[in-house]
Visitor: 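So that we are looking at the same thing, I have put the structure below in structure tokens.
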2 protein chains.
Amino acid sequence: MAAQRPRRQPTLDEVAERAGVSRSAASRVINKAPHVSRATRDAVERAIKEMGYLPNRTARALATQQTGIVALAVSHDDPELFADPFFAQVIVGVSAALEETDLHLLLCLASSVRGRSRLTNLLQTRGVDGIMLMALHGDDPLTHIVRRAGLPAVYGGRPLNFEPQWYVDSDNLGGARLATEHLIGLGRTRIVTITGPMSTDVGRARHRGYREAMIMAGLVPYATAEGDFTEAGGAAAMKSLLDSHPDLDAIFAASDDTAAGALRVLIDAGRSVPADVAVVGFDDLGKAERTDPPLTTVHQSVQALGREMTRMLVGLIAGHEPSSVILPTKLVLRDSA
Amino acid sequence: MAAQRPRRQPTLDEVAERAGVSRSAASRVINKAPHVSRATRDAVERAIKEMGYLPNRTARALATQQTGIVALAVSHDDPELFADPFFAQVIVGVSAALEETDLHLLLCLASSVRGRSRLTNLLQTRGVDGIMLMALHGDDPLTHIVRRAGLPAVYGGRPLNFEPQWYVDSDNLGGARLATEHLIGLGRTRIVTITGPMSTDVGRARHRGYREAMIMAGLVPYATAEGDFTEAGGAAAMKSLLDSHPDLDAIFAASDDTAAGALRVLIDAGRSVPADVAVVGFDDLGKAERTDPPLTTVHQSVQALGREMTRMLVGLIAGHEPSSVILPTKLVLRDSA
DNA sequence: AGTGAGACTGGAAGCGCTTCCAGCGATGTC
DNA sequence: GACATCGCTGGAAGCGCTTCCAGTCTCACT
């Protein structure tokens, strides 16, 4: 297996020469531009086939000022966080949508300071045509960079302290309401919630959904404990709630991980689920099916999130003015409530 | 929030003019090339600062014939498969290694036919400087494309039917041996294995490790059932093994998912783990800690895999001749064996 | 003073493509 | 038959950078 000689790719000039036409004519054929005679087209197409010509991406990018690449930035402090299945789903959605275009995906895990500055540089040096950002703090320097770069940008989820012009988000508020209403419909009244971090929009929205549903049903929000979307956080919160409100009869957890943690604590405390305590989670990213008992939860389609973000970005790049999207969530009934 | 005017980035020409030097001189300053007087350097650097100049990536790429981008291709039939935490870890490793360079990561989920042809095109149009491929079948058209493109390429894992020139792999054979030896050391003798798909190198290597350890200890490989690395596959295989060899006293599962499936079936069948049956898995990607009982397993560092692949690729691009790497695996003792 | 070696410099030629534009001949119209 | 119209063409000017090369200038050394 000798190292194959990297045969130099033929250039447009060579193709044109072989076809006996000018470079401009050849270019027109390739770009399916008008004003090309049948004869010219045929000649060029034959030359292309014979020589195995393929236009050089970089050269084209320089001429058109379009790289054909979009970035997906995940700007988190902890690189491990990327291991969350959430991101995998986003990427699958993004990739699927991108497959219908000529664009490619550049993935930026910008957790460290160095990572961020690399990303910044990428944007400022016009290395990509647009960028998708997974919700980061509104005061993240990245948001400024992105705005100053004047690059098309869409957000996945909303940062807390500013409303991006273009974003795609799940209907967290509606989903939380749905979950709570379901518990109410079950006849539960002492319904508590374990929230996500209140420093995030998701956390707040899901909490508000809970409160609104309670209040609209004429109930008082029975108790609230702040979690952090993790299983450990859910367990801790559950313990303190069980302490302070031992008679609770239902719980809305802001994530499935949270719910899983709560579930464990409940079982350990001898409560049976759903008989004594009904539990509803949020996310439905696989884990909900594997808890014991399987979790009734609010489903959000993360792939759809990725897909819509991509479509929106592609639209922006094409010069359209898309409008932000909120994706529906729905209740999935399993055994825990 | 008015849409910010995308202020045109200044060009090198403008910088040079402002600094009162030629474009070549300015270029030299930027690239820290020799033969630049102190005065020139200062003038250029001031101009750069004042104008906020940043070199245009595309133009530079065209001139140097280097894009500054490497691809990571995941070529699987099922896009869902990407959700496996394995890939997340690879990506984290790759990103970390890339952070020490000026390269960026292009992620290609090439599952569909269209996806593959997009990837092919990307390579042939010289859209990237090199590529990392996660083990795919040796007869995957991609491998040919890659070779013909003459592009630096490194593999993660080894395809079954050909040995790539440059690859990084975990020591699957050694790990499986370690696991089996541990079971033997526990005094077990009727040790069975649930393999991965025998159509993959990983599957075969882990199986061979099991056999070798058994034989070297003077034992006969007691029984083998083929799994597919999934939990369901593991459960099915376990059932059939329990049927055919009810007196088995230990099992080496080729993955933690497999082991988890087996575990469930064992418990349901009334066997206690590890008292009646000892179980060892493989991978240690988080799940092993969360089974009940927690799984003794063979740890492989997937982040290291990504990191080493990246380093190797960067070396190749720089013109070095690195040699392939096999990463050590180690046994992690928990409760199941 | 004369020499060669260096250090520096800017002009110019790329990299491979797109796109504007002037020019061409072939039509159509009165 | 004169004129505008139209489809097609190739030359040339970019896109923004790197890099080769032929020069100039300085300086140490004979």
Side-chain angles (χ1 to χ4, degrees), chain A residues 6-45 47-48 51-69 102 121-122 124-129, chain B residues 6-45 47-48 51-69 102 121-122 124-129:
Chain A
R7 245 173 332 112
R8 213 178 99 293
Q9 291 279 353
T11 71
L12 185 56
D13 271 308
E14 292 162 6
V15 168
E17 175 166 90
R18 171 147 192 161
V21 302
S22 75
R23 178 176 33 182
S24 349
S27 176
R28 265 176 238 124
V29 170
I30 287 166
N31 297 308
K32 304 197 190 312
H35 305 311
V36 176
S37 71
R38 184 59 203 244
T40 301
R41 176 185 328 287
D42 288 349
V44 172
E45 275 170 356
I48 288 178
M51 311 178 70
Y53 170 77
L54 277 173
N56 178 303
R57 235 161 221 281
T58 308
R60 181 174 273 185
L62 182 58
T64 60
Q65 307 280 57
Q66 294 261 308
T67 62
I69 301 177
D102 285 321
N121 184 270
L122 181 72
Q124 295 185 326
T125 56
R126 311 252 91 118
V128 294
D129 294 338
Chain B
R7 245 174 331 113
R8 214 177 98 292
Q9 292 279 353
T11 70
L12 184 57
D13 271 309
E14 291 163 7
V15 168
E17 175 166 272
R18 172 148 192 159
V21 301
S22 75
R23 181 179 25 188
S24 352
S27 176
R28 265 177 240 125
V29 170
I30 287 165
N31 297 308
K32 304 197 189 312
H35 306 310
V36 175
S37 71
R38 184 60 202 245
T40 301
R41 175 183 333 285
D42 288 350
V44 172
E45 275 170 355
I48 288 178
M51 310 177 73
Y53 170 78
L54 278 172
N56 178 305
R57 235 161 220 279
T58 308
R60 179 175 275 185
L62 183 58
T64 58
Q65 307 279 59
Q66 294 261 311
T67 62
I69 301 179
D102 284 322
N121 183 270
L122 181 73
Q124 296 185 325
T125 56
R126 312 251 92 118
V128 295
D129 293 338

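In what follows, chains are A, B, ... by sequence order, proteins preceding strands, each numbered from 1.
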Visitor: Between A:Gln9 (CD) and C:dG16 (C1'), how many Å, whole number?
Guide: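 Atom CD in A:Gln9 sits about 12 Å away from atom C1' in C:dG16.
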Visitor: What's touching nucleotides 6-10 of chain D from the protein side, N or O pairs under 3.5 Å?
Guide:
unit_1: D:dT9; atom_1: OP1; unit_2: A:Ser37; atom_2: OG; d: 2.7
unit_1: D:dT9; atom_1: OP1; unit_2: A:Thr40; atom_2: OG1; d: 2.3
unit_1: D:dT9; atom_1: OP2; unit_2: A:Ser37; atom_2: N; d: 3.0
unit_1: D:dT9; atom_1: OP2; unit_2: A:Thr40; atom_2: OG1; d: 3.3
unit_1: D:dG10; atom_1: OP2; unit_2: A:Ser22; atom_2: N; d: 3.1
unit_1: D:dG10; atom_1: OP2; unit_2: A:Ser22; atom_2: OG; d: 3.2
unit_1: D:dG10; atom_1: N7; unit_2: A:Ser24; atom_2: OG; d: 3.4
unit_1: D:dG10; atom_1: N7; unit_2: A:Arg28; atom_2: NH2; d: 3.0
unit_1: D:dG10; atom_1: O6; unit_2: A:Arg28; atom_2: NH2; d: 2.5

Visitor: So, using side chain to side chain donor-acceptor pair (under 3.5 Å) as the criterion, who are the partners of A:Thr64 when residues are at least two apart?
Guide: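 Expected list: none.
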Visitor: Can you measure A:Arg60 atom CZ to D:dG16 atom C1' for me and round it to whole angstrom units?
Guide: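 These atoms are roughly 19 Å apart.
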Visitor: If you fit an axis to the five pairs at each end of the helix from C:dA1-D:dT30 to C:dC30-D:dG1, how big is the angle between those two axes, to 10 degrees?
Guide: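 End-to-end axis angle for the helix from C:dA1-D:dT30 to C:dC30-D:dG1: 50°, rounded to 10°.
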Visitor: From CG of A:Leu62 over to P of D:dT18, roughly how many Å is that when rounded to an integer?
Guide: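 The distance from CG of A:Leu62 to P of D:dT18 comes to 12 Å, rounded to the nearest Å.
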Visitor: At less than 4.0 Å, is any side-chain N or O atom of A:Gln65 found next to OP1 or OP2 of D:dG16? Yes or no.
Guide: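 A:Gln65 to D:dG16 OP1/OP2: side-chain N or O found under 4.0 Å.
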Visitor: Could you tell me whether the phosphate oxygens of D:dC15, OP1 or OP2, come under 4.0 Å of any side-chain nitrogen or oxygen in B:Asn56?
Guide: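 No, because none of the side-chain N or O atoms of B:Asn56 sits under 4.0 Å from OP1 or OP2 of D:dC15.
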Visitor: Roughly, in whole Å, what's the span from CG in B:Leu54 to C1' in D:dG16?
Guide: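 So the two atoms are 13 Å apart, to the nearest Å.
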Visitor: Could you list the residues that satisfy side chain to side chain donor-acceptor pair (under 3.5 Å) with B:Asp42, not counting sequence neighbours?
Guide: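 Per chain and number, B:Asp42 pairs via side chain to side chain donor-acceptor pair (under 3.5 Å) with B:Arg38.
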Visitor: Could you tell me whether the side chain of A:Ser27 reaches within less than 4.5 Å of the side chain of A:Leu12, counting heavy atoms only?
Guide: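 Heavy-atom side-chain distance check passes, below 4.5 Å.
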Visitor: Quick test: give all pairs of protein nitrogen or oxygen and nucleotides 22-28 of chain C nitrogen or oxygen below 3.5 Å, distance rounded to 0.1 Å.
Guide:
none

Visitor: Could you give all pairs that pass the salt bridge (charged side-chain N to carboxylate O under 4.0 Å, His left out) test and reach residues 15-36 of chain A, with sequence neighbours left out?
Guide: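 Counting only pairs at least two positions apart or across chains, the salt bridge (charged side-chain N to carboxylate O under 4.0 Å, His left out) contacts touching residues 15-36 of chain A are A:Asp13-A:Arg23, A:Arg18-A:Glu50.
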Visitor: Answer yes or no: is there a donor N or O on one side and an acceptor on the other, between the side chain of B:Asp129 and the main chain of B:Thr67, under 3.5 Å?
Guide: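 Confirmed, B:Asp129 side chain pairs with B:Thr67 backbone.
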Visitor: Look at all strands and tell whether A:Ser27 reaches a base, only sugar-phosphate, or nothing, counting heavy atoms closer than 4.0 Å.
Guide: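 The residue A:Ser27 makes base contact.
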